[in-house]
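Note that the structure is a prediction, hence the values are computed from the model and not measured.
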Amino acid sequence: MTDPLPTPGTEPDAEADLARHASKMAKKKAARDKIMAGKAGEKGLIIVHTGAGKGKSSSGFGMILRCVAHGMPSAVVQFIKGAWDTGERRLLTTHFADLCEFHAMGEGFTWETQDKTRDIAAARAGWEKAKELIRNPEIRMVLLDEINIALRYDYLDIDEVLAFLATEKPPLTHVVLTGRNASEKLIEAADLVTEMTLVKHPFRAGIKAQAGVEF
């Protein structure tokens, strides 16, 4: 008994489609391999997460956790959310204090403190701690969480920050700067910039910030 003939227009077309796909992917892989062959260098990056959308700090902390997973010493300086009991802070200080220094230097958002002099002092203290950590070549990544807000309000001098990163950051140290409204000067100087775009947020529907999502 012979096998039944394939239904016209089905199996041959499917086989041809698979062959086309395989050929296309092979060409894409060859092109990708050629590109990657020329990417052998490493350097410490200046990384900026900005924009009105959610996820700037979350992405920064994701990078910190990658460093921890690789056994790479890292550090966090929080410029605004220092008064918050966040999940990231709990996790890192409780379980990974040997690999990640955590410094909560801020005292809350500016509309909460309502004291510009106090805000400036807190930002300056945070920046001094940040410089100390960045100068240490053993620390491979430093997250400056919400520093862009301090820069936006001129609590810190953007030119001073950029000059320090250009002249005193060790060659293999990564520095991540988060917060909306990143300075154009910072964006120009950075190696990697991501802008989070706000499409939809539950806060507009009356939903408050919730543990595990926002903090």
Side-chain angles (χ1 to χ4, degrees), residues 1-76 86-88 91-92 95-96 99-100 139-146 148 165 169-205 207 209-215:
M1 181 176 179
T2 59
D3 293 332
L5 293 174
T7 302
T10 56
E11 289 188 15
D13 286 348
E15 290 177 2
D17 182 62
L18 290 173
R20 284 194 298 269
H21 177 78
S23 176
K24 181 178 179 181
M25 291 302 105
K27 291 178 181 178
K28 182 173 288 190
K29 183 180 185 306
R32 183 69 178 175
D33 289 346
K34 184 177 180 180
I35 292 172
M36 295 303 295
K39 309 294 183 183
E42 290 187 0
K43 64 169 288 189
L45 304 176
I46 297 175
I47 302 167
V48 176
H49 296 158
T50 192
K54 175 176 164 46
K56 298 176 287 293
S57 295
S58 299
S59 182
F61 278 109
M63 289 183 166
I64 289 291
L65 289 175
R66 285 177 183 164
C67 288
V68 168
H70 286 291
M72 298 163 57
S74 57
V76 176
T86 63
E88 300 95 337
L91 179 68
L92 292 169
H95 298 286
F96 303 109
L99 281 171
C100 182
I139 297 177
R140 295 297 308 280
M141 177 177 284
V142 180
L143 169 60
L144 307 181
D145 189 36
E146 304 287 8
N148 290 341
L165 294 176
K169 182 182 77 64
L172 294 178
T173 298
H174 306 300
V175 178
V176 185
L177 305 94
T178 75
R180 61 177 60 198
N181 299 119
S183 163
E184 288 298 326
K185 289 183 178 180
L186 176 59
I187 290 173
E188 179 65 27
D191 300 288
L192 172 61
V193 180
T194 300
E195 182 174 3
M196 279 62 169
T197 302
L198 177 61
V199 177
K200 194 174 185 179
H201 199 293
F203 186 79
R204 293 179 174 178
I207 307 299
Q210 300 177 84
V213 179
E214 277 82 20
F215 59 91

CG/Leu92 to CZ/Phe61 distance, rounded to the nearest 0.5 angstrom?
6.5 Å
Taking all non-hydrogen atoms of both residues into account, name the closest pair between Ile187 and Val193 and its distance.
O-CG2, 3.9 Å
Looking only at heavy atoms, which two atoms of Val175 and Leu177 are closest? And how far apart?
O-CD1, 3.8 Å
Check whether any side-chain heavy atom of Cys100 sits under 4.5 Å from a side-chain heavy atom of Ile64, and report yes or no.
yes
Looking at side-chain heavy atoms only, is the closest gap between Leu143 and Ser74 below 4.5 Å?
no
Return the minimal non-hydrogen interatomic distance between Ser59 and Met196, and the atom names on each side.
CB-CE, 4.0 Å
I need the Ser57 OG to Glu88 CD distance, nearest 0.5 Å.
7.5 Å
Close side-chain approach of Pro202 to Gln210, heavy-atom, < 4.5 Å:
no
Heavy-atom distance under 4.5 Å between the side chains of Met63 and Ile47, does that happen here?
yes
State the CG-CG distance between Leu192 and Leu45, to the nearest 0.5 angstrom.
7.0 Å
How many angstroms lie between atom CD of Glu146 and atom NE2 of His49, to the nearest 0.5 angstrom?
12.5 Å
Scanning both residues in full, the closest heavy-atom pair of Glu195 with Gly51 reads CG-CA, 3.7 Å
From Asp13 CG over to Leu18 CG, what is the distance, rounded to the nearest 0.5 angstrom?
11.0 Å
Minimum heavy-atom separation for Ala190 to Val48, with atom names?
CB-CG2, 3.7 Å
Heavy-atom side-chain contact between Met72 and Met141 under 4.5 Å
no
Could you give the distance from OG1 (Thr173) to CG (Leu165), rounded to the nearest 0.5 Å?
10.5 Å
Please confirm whether the backbone N or O of Ile46 pairs with a side-chain atom of Lys169, one donor and one acceptor, at under 3.5 Å?
no
With side chains defined as the heavy atoms from C-beta onward, is the minimum distance between Leu65 and Leu91 less than 4.5 Å?
yes
Please check this pair: side chain of Thr50 against backbone of Gly179, looking for a donor-acceptor N/O pair closer than 3.5 Å.
yes
Hey, does Asn148 have a side-chain heavy atom less than 4.5 Å from the side chain of Lys56?
no
